[in-house]
Every structure is written in C-alpha cells, then in structure tokens.
Amino acid sequence: TTGDVWLRAHLTVRAVMRLFRIPTFSVMMLSRLLSGHLLILIFGVQFLVTERGIDNSFAILVVLPLSVGYLVSTLSIGYVIPVLDRLLGDRSRVLVLQLAQVLFAITAYFATQQVYTDPVTYAVLWGVMGLFIGLNPPVNRPIVADVVLPATAAWAAASHWGTMVCRART
C-alpha cells in the first residue's frame with residue numbers, strides 16, 4: 001500500500017515510536033516487561049544455586065525439564081491454535097496468552113518462592129513452568145504482527161525482543 005511504501009522510505013525513530021500508539025502493541029510490551037518468564041530462562045540455574053543451595057551440576061539438570069516443557073508446548077500449541085481459532089475466533093490467542101501468563105505466575109510462585117528439600121520437586125515445577133512459557137512465542141508473535149503495519153513488523157519484533165534484554169540487565 002501507499003502507507004507501507006512511505007513508511008519504508010521514512011522509517012525513523014519517530015515512525016518506530018508510533019508503534020506505541022497502538023494499544024494492543026503497548027499492552028503486549030507491558031505484559032512482556034512485567035512477566036518474569038524470560039528471567040527464569042536466563043537466570044534459572046543461578047537462582048537455584050545461590051538461593052536454594054542446589055549444586056551447580058544438579059541445577060542444570062533441574063532446568064532441563066523447563067527446556068523440554070518449553071519445546072513440547074511450543075510445538076504442540078501450533079496444532080491446538082487452529083482448532084481454538086475455529087471455536088473461539090479472534091479471542092482464542094488472547095485467551096491462550098492470558099491463561100499461559102496466569103498459570104505461569106502461579107507455577108512460578110510455587111517453583112521459586114517455596115523451599116523444597118527434594119530437588120526433583122523443583123525439576124517437576126520447572127518443567128511445568130516451561131510448558132507455560134513455551135505457549136507464548138507461537139501465540140504472541142502473530143498478535144503483534146497483526147496489529148502493526150508490515151513495514152514496521154521488524155521493528156515491532158525487535159522491540160518485543162528488546163524487552164527481554166532490558167529485563168536481563170536490571
């Protein structure tokens with residue numbers, strides 16, 4: 001379209017900042033910034049070693065179920081979303097995203113704020129956290145892509161990933 005051609009020719013910081021005028025994009029960015037799911041992926045082993053006193057080599061094994069859960073849910077939601085789209089229409093992805101965030105928060109509370117003597121308990125809880133974390137990428141990327149102009153899609157994706165870097169540095 002004419003707007004896309006103009007935007008490609010005039011892609012500036014100001015044009016990128018217009019992304020934040022899109023309510024859905026702003027809500028998605030705020031949600032991503034406030035959620036701790038990215039921090040678990042980045043600092044999970046360090047947390048288990050320093051805060052729970054789990055041996056470093058075993059902490060790595062505890063985090064392995066998180067990765068497996070992430071992979072399983074990321075791959076399986078691709079088959080579930082089309083069915084939900086047919087049943088629930090436009091609300092399906094938002095519903096899945098909201099449920100994933102709430103269920104992650106509940107699981108993260110029990111996985112990080114409670115102290116267990118058995119490291120296997122951490123492994124199970126972290127595996128469940130991985131299931132809920134893995135639902136996010138296949139669901140939220142299409143939502144962001146649907147609400148921005150094609151010419152700003154790369155900037156929107158970079159901003160979306162940039163929140164992970166900002167969270168990791170704070």
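Keep in mind that the numbers below use all heavy atoms, side chains included, and drop hydrogens, waters and symmetry copies.
At a threshold of 4.5 Å between side-chain heavy atoms, the hydrophobic network of Ile, Leu, Val, Met, Phe, Trp and Tyr places Phe110 and Phe104 in one connected group. Linking Ile, Leu, Val, Met, Phe, Trp and Tyr residues whenever their side-chain heavy atoms come within less than 4.5 Å places Met17 and Met28 in a single cluster. Val120 and Val45 fall into different hydrophobic clusters, where Ile, Leu, Val, Met, Phe, Trp and Tyr residues are linked whenever their side-chain heavy atoms come under 4.5 Å apart, directly or through other members.
Annotation: side chain of Pro137 is in contact with side chain of Tyr70 (closest heavy-atom distance under 4.5 Å). At least one side-chain heavy atom of Ile22 sits less than 4.5 Å from a side-chain heavy atom of Val148.
Between the side chain of Thr74 and the main chain of Leu71, no donor-acceptor pair closer than 3.5 Å is present. A distance-only check finds no donor-acceptor pair linking the side chain of Thr24 to the backbone of Val147 [under 3.5 Å]. One N or O on the side chain of Thr50 and one on the backbone of Gln46 form a donor-acceptor pair closer than 3.5 Å.
In Arg52, the CZ atom is crowded: over 12 heavy atoms of neighbouring residues, nucleotides or ligands sit closer than 6.0 Å. Other residues, nucleotides and ligands place more than 12 heavy atoms under 6.0 Å from the OH atom of Tyr116. Counting non-hydrogen atoms of neighbouring residues, nucleotides and ligands closer than 6.0 angstrom, the CG atom of Asp118 exceeds 12 such neighbours.
Here Leu61 contributes atom CG and Ile54 contributes atom CD1; the two are 10.5 Å apart, rounded to the nearest 0.5 Å. Atom-to-atom distance recorded for Leu131:CG and Ser73:OG is 5.5 Å, nearest 0.5 angstrom. Put simply, CG on Leu30 and CZ on Phe25 are 12.0 Å apart, with the number rounded to the nearest 0.5 Å.
Look at Arg93 and Asp146 and you find no salt bridge, because none of the NZ, NE, NH1 or NH2 atoms lies under 4.0 Å from a carboxylate O.
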Side chain to side chain contact (heavy atoms under 4.5 Å, CB included) between Met29 and Val144, worked out: CA-CA 9 Å; Met29 292 294 290; Val144 170; over 6 Å; no
